[in-house]
Every structure is written in C-alpha cells, then in structure tokens.
Amino acid sequence: MTVTVRVPAKVNVQLGVGGLRADGFHDLANVFFAVALGDEVTATAGEPGTGVTLSCTGPDADAVPLDDSNLAARAARLLAAHHGLAATDVHLHIAKAIPVAGGMAGGSADGAAALVACDALWKLGTPAEVLLELAAELGSDVPFALVGGVALGRGRGEILEPLPVTGTYHWVFAVADGGLSTPAVFRECDRLREEAGTGSADTEVATPDADPALLAALADGDAVALAAVLTNDLQPAALSLRPALAATLRAGTEAGAIGALVSGSGPTCAFLAKDADAAEAVAAALRASGSCRAAHATHGPVPGAAVTAGE
Ligand code: ATP
C-alpha cells in the first residue's frame, strides 16, 4: 500500500509581528498564501517492527533531518497515538522542492502531508477538524498547509480564517544559499525594535491586524494593488542577518517584478509578477544576476495537502 500527497509551500503576503509575549511567542497577523511550488510525501506500509522510517530527495535533501525531529515522522507518530494504534510501521519518502529553512514552511508542509498520507494509508478517516487540531500541535504553520488557498492566521498563526480571493497570481521565489533560523530572525526583530527605542514587548508594540487594502486586493484579484501592499515585519531582521538579500530584492524588481519581499523569516525572496511570462522573465533575470542559488516561477493560490496517488 502506498499513498502520495502533494502539499504547497506558503508565502506570507502580510506578516505583522506584535510584541514579545510572556510565553516567548509573538502575536501575528499572518496572511498565508499557498503556492504551487511544493513537496510530495509518499507513505508506504513498512515491515512489522520497523517503525517510522524516512528518506528524502531533492536539491536540499542533505539539510533535511532523517531522525525523530523530522516533522513528517512526528506527524505520523502523533496521528497513530491519537488513534491508539499499536503499530506505526510506515516509510515516508519526501520529494523535496521547498527550500529548507527558507521561510516557506517546508517542514510544516511535510508534517501536514504526512498526516494526510498516513490517515489514508491506515484508513482512519480522521475528521478534518481533528486533523487541524493535530496539525496545530505539531507547529503554528502546519494547519495552513492542510487548508491551503489564502488564509488569515492569528495567535501564533495557527488560528485560521480562510480569505476570499479571486484569480491566479504569478510568483517567483529566489532561493538563497543556506537557511535562516526562524527563532533567530524573531530575536533579531526584537533586538532591532529595542535598538530603535520602540520597545519589543507586547505591551509596547501594537497588536497587528490584517491590512484592509490587502484583503480588498485579494478579493478583487488585483495583483498590482496586492503588490503595492505586501508587507513583512520580519524583513528588516532577515536583511540585518543576511544583508546580501537586498541585492536579490533589487535584482527581481529591476527585472520587472511588481512586488518584492522576503518570504516569512527568509532567506527566500518572493516576487509578484503581472503574468506568467513576466514571472519567467523575472526568474531568468534572477538566475543570471548571480544573487541567488536558484529561482522558480510558480503560481497560486493552490489547495492544501491532498492525496494525488495511491495503490
Ligand atoms: P517556517 O517558514 O515555518 O519558519 P522554514 O521554511 O524557514 O520554516 P523549514 O524548511 O520548515 O524552515 O525547516 C526548519 C528546520 O526544521 C530545518 O532546519 C530542519 O532542521 C527542521 N525540519 C524538520 N522536519 C523537516 C522537514 N520535513 N523538512 C525540512 N526541514 C525539517
């Protein structure tokens, strides 16, 4: 028995970061947008007693942990524990296209895909709302990878509200060499706020909210209006830790992108293009610029984790 699940990466078209809370998290106003650039996770029934095993292929495969810390393995175990399954013998193969530690929630995507794949492999029929609860236990970005489309994430990002969106948008992602640690980027964001004298605590920073202009642009299918209001409160921190990203953002903009921002905690840079041809041209210019390791033209929004094949 084998089940394959395709799962999208995300870009945050808005990432509003509130102050540091007493529990160490930040309140977020996070508009997630699922793009066709994605991973595939294939679950195959294992021999009795083998437990959860993993393999990974793709350009970043060496950077993916193949131990118990892998979110796909944790997802399989969590689902089995929830249903009280005695045996969790499954092999999970990750065909990885999402950059690792790139700010596109690749690990979270694999966690969501593994939940869906194991649910189908083990014929559990777990209700969608239960899968969402298990996803939120795995990590703040995992529920969105299940849902896909465009959604507003509040709290740590895990409380999701699907958003109305019209049309298809054309994106380019410039992949950097090496990743950035998400906690390190949040710490740098706090440090920059302290340095600027504004303070970094949740009592000092306004609670972020979704930008009405951004929601209207998405609902209207207006890529130019969306491009004008793309925001990422983590961008100054990502640029501070990785100053070379400024050149990447400039190269994409000079090549005709209508919008540019760091994706999530970075270092992947995201560019909005006016159509598919413009996206291909921006990707080609980024590759030629030498300011990134790879550049991919893609589109969205696309649905969340879904079974594509099984036998
Ligand atoms: P986010 O945008 O959610 O902050 P990210 O896209 O920046 O995340 P990931 O690709 O999810 O980062 O990887 C972050 C770390 O998670 C990796 O460095 C790796 O050690 C660990 N990890 C665990 N499981 C996976 C997985 N399936 N794929 C990639 N990384 C994983």
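Read the numbers this way: they start at 1 and go in the same order the structure lists the ligands and their atoms. When reading the values below, keep in mind they use all heavy atoms of this one structure, side chains included, and skip hydrogens, waters and symmetry mates.
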Between [Y] and [X], is there a side-chain donor-acceptor contact under 3.5 Å, judged purely by atom types and distance?
{"X": "Thr182", "Y": "Ser265", "value": "yes"}
{"X": "His26", "Y": "Asp202", "value": "no"}
{"X": "His93", "Y": "Thr4", "value": "no"}

message: With a cutoff of 4.0 Å, is Pro65 in contact with ligand 1, counting heavy atoms of the residue only?
response: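 Per 4.0 Å heavy-atom rule, Pro65 contacts ligand 1.
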
query: With a 4.0 Å cut-off on heavy atoms, is Arg74 touching ligand 1?
result: no

task: Pick one of side chain, backbone, both or neither for how Asn70 approaches ligand 1, counting any non-hydrogen atom pair under 4.0 Å.
output: both

message: Once you restrict to heavy atoms under 4.0 Å, what part of Ser69 touches ligand 1? Side chain, backbone, both or neither.
response: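 It is the backbone that gets close, since no side chain atom is under 4.0 Å.
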
field: Closest heavy-atom pair and its distance - Ala145, Ala109
entry: CB-CA, 3.8 Å

- prompt: Numbering the atoms of ligand 1 from 1, which are under 4.0 Å from a heavy atom of Met104?
  reply: 2 (O), 6 (O)

Test of proximity, Val100 against ligand 1: N or O pairs below 3.5 Å: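 Val100 vs ligand 1: no N/O contact under 3.5 Å.
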
message: For ligand 1 and Ala72, I'd like to know whether there is a polar contact (N/O to N/O, distance under 3.5 Å).
response: no

message: If we check side chain to side chain contact (heavy atoms under 4.5 Å, CB included) with Gln14, which of these qualifies: Asn232, Leu261, Asp211?
response: Asp211

task: In sequence, state the C-alpha distance, the side-chain angles, and the governing distance for Arg193 and Val17, and then conclude on side chain to side chain contact (heavy atoms under 4.5 Å, CB included).
output: CA-CA 11 Å; Arg193 284 174 172 175; Val17 180; 3.9 Å; yes

- prompt: How close does the nearest protein non-hydrogen atom get to atom 4 (O) of ligand 1, and which residue and atom is it?
  reply: Thr182 OG1, 2.6 Å

